[in-house]
Structure formats: structure tokens, C-alpha cells
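All values below come from the heavy atoms of this structure, side chains included, with hydrogens, waters and symmetry mates left out.
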Amino acid sequence: MKTEEDLNRQLEDILAKIDEARRELKALRRNATEGPKGKARASFIAGKQRMIEAAEAAKQLDTLKQREQEIRAKSHSDDR
């Protein structure tokens, strides 16, 4: 019973982190040239940096999703 509660808590935490990572990734992938009031604002180097950050965020999101699947699998195996 205790482990099921722990798994549910871990799953909630992972889902919250996944949601946060998705929002961060979406913000990073947004067109860098669209600044406030439609003004161009990003240089080439800033664009490259955003691409690197987006790749890191995507990697983190994949890791979190994998952890979610592991927790769900463990939870389902404990239910049986």
C-alpha cells in the first residue's frame, strides 16, 4: 500500500515536470524573430543558442517520459 502511494506521488511529480518541460520546449521553439510588437530581435548566435536549449529540453522531456512509463509499468505490476 505504501509503495503504491509512493509510486502515485512520483508519477504526479513526473507529470508536473513533463508539463513544465513541454511549455519550456514550446517557448524555445517559438519563432525567435517575433519579439514584442512584431519587431525582429534575435541574432544568429542567439538563434543557435535557442536551438541548443531546445534540443536539451527535448532530451529532458524524453527522459521524463521514459521515467513516467517505468513508474506506470511498476505500478501496474504491483496491482496484479
Side-chain angles (χ1 to χ4, degrees):
M1 195 62 134
K2 176 92 171 157
T3 58
E4 184 178 339
E5 291 173 4
D6 289 339
L7 289 175
N8 286 337
R9 194 172 322 112
Q10 287 177 4
L11 186 59
E12 288 176 15
D13 291 343
I14 290 292
L15 291 175
K17 289 178 183 179
I18 286 174
D19 186 45
E20 183 179 324
R22 281 183 178 151
R23 281 184 272 149
E24 179 183 353
L25 185 58
K26 184 177 179 181
L28 288 169
R29 287 183 174 166
R30 204 171 290 134
N31 191 351
T33 59
E34 291 179 10
K37 300 181 185 175
K39 295 180 182 177
R41 64 174 171 87
S43 68
F44 175 77
I45 294 172
K48 286 293 244 186
Q49 182 65 31
R50 287 174 64 97
M51 287 174 37
I52 292 168
E53 290 173 4
E56 290 173 0
K59 239 187 261 187
Q60 180 184 10
L61 182 59
D62 290 341
T63 303
L64 289 170
K65 285 182 179 181
Q66 183 179 12
R67 180 69 180 135
E68 175 193 9
Q69 293 302 319
E70 291 170 1
I71 292 171
R72 286 188 189 275
K74 188 182 280 189
S75 177
H76 287 300
S77 68
D78 288 346
D79 289 344
R80 294 179 186 170

Apply salt bridge (charged side-chain N to carboxylate O under 4.0 Å, His left out) to the pair E20 and K17, showing each step before the final yes or no. CA-CA 5 Å; E20 183 179 324; K17 289 178 183 179; over 6 Å; no

Same hydrophobic cluster for I52 and L28, using side-chain heavy-atom links shorter than 4.5 Å among ILVMFWY? no

Taken in chain and number order and not counting sequence neighbours, the residues that satisfy side-chain hydrogen bond (donor to acceptor under 3.5 Å, both in side chains) with E68 are R72

Spacing of CG belonging to L64 relative to CG belonging to D13, to within rounding of 0.5 Å: 11.0 Å

The reported gap from CG in L61 to CG in L25 (rounded to nearest 0.5 angstrom) is 6.5 Å

Do D19 and R23 sit within salt-bridge range, that is, some charged N less than 4.0 Å from a carboxylate O? yes

Pairwise distance CG(N8) to OG1(T3) - rounded to 0.5 angstrom: 9.5 Å

Applied to residues 52-64, the side chain to side chain donor-acceptor pair (under 3.5 Å) test, sequence neighbours excluded, yields Q49-E53

What is the minimum heavy-atom distance between A27 and R50, and which atoms define it? O-NH2, 3.0 Å

At what distance, to the nearest 0.5 angstrom, does CD1 of I71 lie from CD of E12? 10.5 Å

